[in-house]
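Data first, discussion second: the structure below is written as structure tokens.
Every number for a ligand or one of its atoms is a count from 1 in the order of the listing.
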Amino acid sequence: MKLKVEPLTPDAFAPFGEVISTATARDEYKINLGTTTRFHDISRVDAGDAGGAPIISIFRGTPRPMPIEIKMMERHPLGSQAFVPMAGQKFLIVVADGTDIPQPENLRAFISDGSQGVTYGKNVWHHPLLVLEPNSNFLIVDRSGPGNNLNEIDLPRVDGTVITLDWPV
Ligand SMILES: NC(=O)N[C@@H](O)C(=O)O
Ligand code: NI
């Protein structure tokens, strides 16, 4: 099964979380004597469950072999997780519609144009970071705290084949 890769847009991604970009701010205004524009309240961080707190980390990703195989998914039941490219690099996103157990037919794949990051909502199934270039740094905002914040699940083969991303198109 080949998964079509769609351009990332706020509407298409809405069931899974938020797109992080200057175009998705809830407000926008000048600060610092007009020298800076604040793109305000772009995305919300959900990290407080079970005594958790938000943290900022950096993930340095390495491209996976092509064609990219989607063999598993994961989710974070106690908090959201945000990924923002630190060098304007494109990256791939794979999520599953709101079913409890992700089914292959419910998978959705997107590509960020590099100016966009994403926040996966709490408990939203997603594939771990999929980068397209070596030494690819992403700023991560997610939860640190007690309790298990990671569920992983293997995906079945479809028609005997591993699910792959239809990328590059
Ligand atoms: N495991 C980990 O911290 N990374 C994943 O959550 C991911 O979504 O890349
Ligand atoms: Ni994750």
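- Taking a cut-off of under 4.0 Å to the non-hydrogen atoms of Q81, the atoms of ligand 1 that pass are 5 (C), 6 (O), 7 (C), 8 (O).
- When you scan the N, O or S atoms of E74 for the one nearest the Ni ion (ligand 2), you land on OE2.
- Heavy-atom contacts of F83 reach the following atoms of ligand 1: 7 (C), 8 (O), 9 (O) (cutoff under 4.0 Å).
- Geometry note: the Ni ion (ligand 2) is the vertex, H126 NE2 and H76 NE2 are the arms, and the angle is 100° (rounded to 10 degrees).
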Worked check of side chain to side chain contact (heavy atoms under 4.5 Å, CB included) between I140 and Q81: CA-CA 7 Å; I140 311 300; Q81 187 175 47; 4.2 Å; yes

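- The Ni ion (ligand 2) has no N, O or S atom of D142 under 2.8 Å away, backbone or side chain.
- In this structure, Q89 and F138 have side chains that are in contact, with non-hydrogen atoms separated by less than 4.5 Å.
- In this structure, H76 contributes its side chain and K122 its backbone to no donor-acceptor pair below 3.5 Å.
- For atom 7 (C) of ligand 1, the closest non-hydrogen atom of the protein is E74 OE2, 3.2 Å.
- The backbone N or O of I42 lies less than 3.5 Å from a partner atom in the side chain of R26, making a donor-acceptor pair.
- Q81 lies close to the Ni ion (ligand 2), since one of its N, O or S atoms is found at a distance under 2.8 Å.
- Contact annotation: Y120 has no heavy atom less than 4.0 Å from any atom of ligand 1.
- Those atoms of ligand 1 that come under 4.0 Å of a heavy atom in H76, given as number and element, are 6 (O).
- Within the listing of ligand 1, atoms 8 (O) sit less than 4.0 angstrom from a heavy atom of H126.
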When you look at K30 and R38, which way does the side chain to side chain contact (heavy atoms under 4.5 Å, CB included) test go after all the steps? CA-CA 6 Å; K30 290 291 188 189; R38 180 175 172 124; over 6 Å; no

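- When each atom of ligand 1 is checked for a heavy atom of F59 under 4.0 Å away, the hits are 3 (O), 4 (N), 9 (O).
- Under the ring-ring contact (aromatic ring centres under 6.0 Å, His included) test applied with F110, the options Y120, W167, F13, F91 reduce to a single match, F13.
- No side-chain donor-acceptor contact under 3.5 Å links W125 to the backbone of L107.
- Nearest heavy-atom pair across I111 and Q116 is O-OE1, 4.3 Å.
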Walk me through whether H127 and R64 qualify under side chain to side chain contact (heavy atoms under 4.5 Å, CB included). CA-CA 12 Å; H127 192 278; R64 303 196 182 217; 3.7 Å; yes

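- The shortest contact between atom 9 (O) of ligand 1 and any protein heavy atom is with L129 N, 3.0 Å.
- Close contacts between ligand 1 and P128 involve ligand atoms 7 (C), 8 (O), 9 (O) [criterion: under 4.0 Å to a heavy atom].
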